[in-house]
Amino acid sequence: MDRSAPSPRELLEIAVNVARDAAATAHRMRAEGVSVAATKSTATDVVTAADRAVERQVLDALGRLRPGDAVLGEEYGEGDTGPADPDGVRWIVDPIDGTVNYLYGLPNSAVSLAAEVAGEVVAGVVRNINTGEEWTATLGGGAYRDGVPLRCSTETDLGQALVATGFGYDAKRRLHQARVVTGLIAQVRDIRRFGAAAIDLCLAAEGRVDAYYEKGLNAWDLAAGGLVATEAGLRVAGLAGRAAGPDLVVAAPPALFGPLHDLLAELDAAGGP
Ligand code: IPD
Ligand code: CA
């Protein structure tokens, strides 16, 4: 195999096939019944048998299709692949984003799979486990839902904006995030909390919400959905010129980014525990 330069399109094709099989497994396991297998950072940060089985399936599939690539996953970290070659391909997988929704049988949960080349995300897919909606993007190649090209909202007035956000699993962090929402909610049309960051980013890409922000995202929550959002025209960044990351992710159409950014900075959205 020529390992030097897989194109974003080639990587996306692999990602889509692997994510579809993974979502099918998650869907089947949900139908068979699901329970908490363990907890992670807090008592409400749960992992189900499906999270683990789906990530294992993705690792096995990528190992077959792209032997030697690095992988970072939510449940198994770097797995057996070890640290990434800085110039090589690294896959970033969240086997189930929206695990709590999945556990409760709520519709927003997704498999998220992205491919990085030399540290930059170049391809990504987010597939809703329940509805089969599938969002894809390649770097410079646009964003799509089920093959239809996406553009973000054209809203320019923050007061009219429907803004999605999420909350972490740690109680102290959630309290700080709730205070930020208290400062924000009267300045925007309304707030939505859907429970799956990757889907939130894709909904913003479609203009089904105008913007999204959240503190505390991990690489696997952000990688694929962040590319979908960027390719749909959203500006995706942190505060004060920093890249989007664990401190804060703000995803907003260009006209809304400045006002939302400034309000979030004033409310110390990247601060707190
Ligand atoms: C969580 C979801 C949730 C977000 C949390 C994430 P998980 O991911 O994306 O919407 O608010 O920050 O940790 O645990 O369901 O994979
Ligand atoms: Ca997850």
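Sequential numbering from 1 along the given sequence is applied to the chain's residues. Both ligands and their constituent atoms are indexed starting at 1 by order of listing.
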What is the closest protein heavy atom to atom 12 (O) of ligand 1, and at what distance does it sit?
-> E214 OE2, 2.5 Å
Between the main-chain N or O of A240 and the side-chain N or O of H261, is there a donor-acceptor pair closer than 3.5 Å?
-> yes
Decide whether the shortest distance between a heavy atom of G216 and an atom of ligand 1 is less than 4.0 Å.
-> no
Heavy atoms of other groups near R9 CZ, more than 12 under 6.0 Å = no
Select one of side chain, backbone, both or neither to describe which atoms of A197 lie under 4.0 Å from any atom of ligand 1, heavy atoms only.
-> both
Does ligand 1 have a heavy atom under 4.0 Å from the side chain of R193, from its backbone, from both, or from neither?
-> side chain
Element-labelled atoms of ligand 1 that are located less than 4.0 Å from some non-hydrogen atom of D221 | 8 (O)
Would you mind running through ligand 1 and noting each atom that sits below 4.0 Å from a heavy atom of G195?
-> 2 (C), 3 (C), 10 (O)
Please determine which of T99, N101, N130 meets the side-chain hydrogen bond (donor to acceptor under 3.5 Å, both in side chains) test together with S109.
-> N130
Can you find an N/O atom of D200 closer than 3.5 Å to an N/O atom of ligand 1?
-> no
Please identify which atoms of ligand 1 are closer than 4.0 Å to at least one heavy atom of G98.
-> 7 (P), 15 (O), 16 (O)
Any idea which atoms of ligand 1 are less than 4.0 Å away from a heavy-atom of D97?
-> 1 (C), 2 (C), 7 (P), 8 (O), 9 (O), 15 (O), 16 (O)
Would you call N101 a ligand 1 contact, heavy-atom distance under 4.0 Å?
-> no
Please work out which of F194, Y102, F167, Y169 has its closest non-hydrogen atom nearest to atom 13 (O) of ligand 1.
-> Y169
Angle subtended at the Ca ion (ligand 2) by I96 O and E74 OE1, rounded to 10 degrees = 160°
Counting from 1 in the order shown, the ligand 1 atoms closer than 4.0 Å to a non-hydrogen atom of G166 are 11 (O)
Name of the D94 N, O or S atom nearest the Ca ion (ligand 2)?
-> OD1
What are the atoms of ligand 1, with element, lying closer than 4.0 Å to any heavy atom of I96?
-> 16 (O)
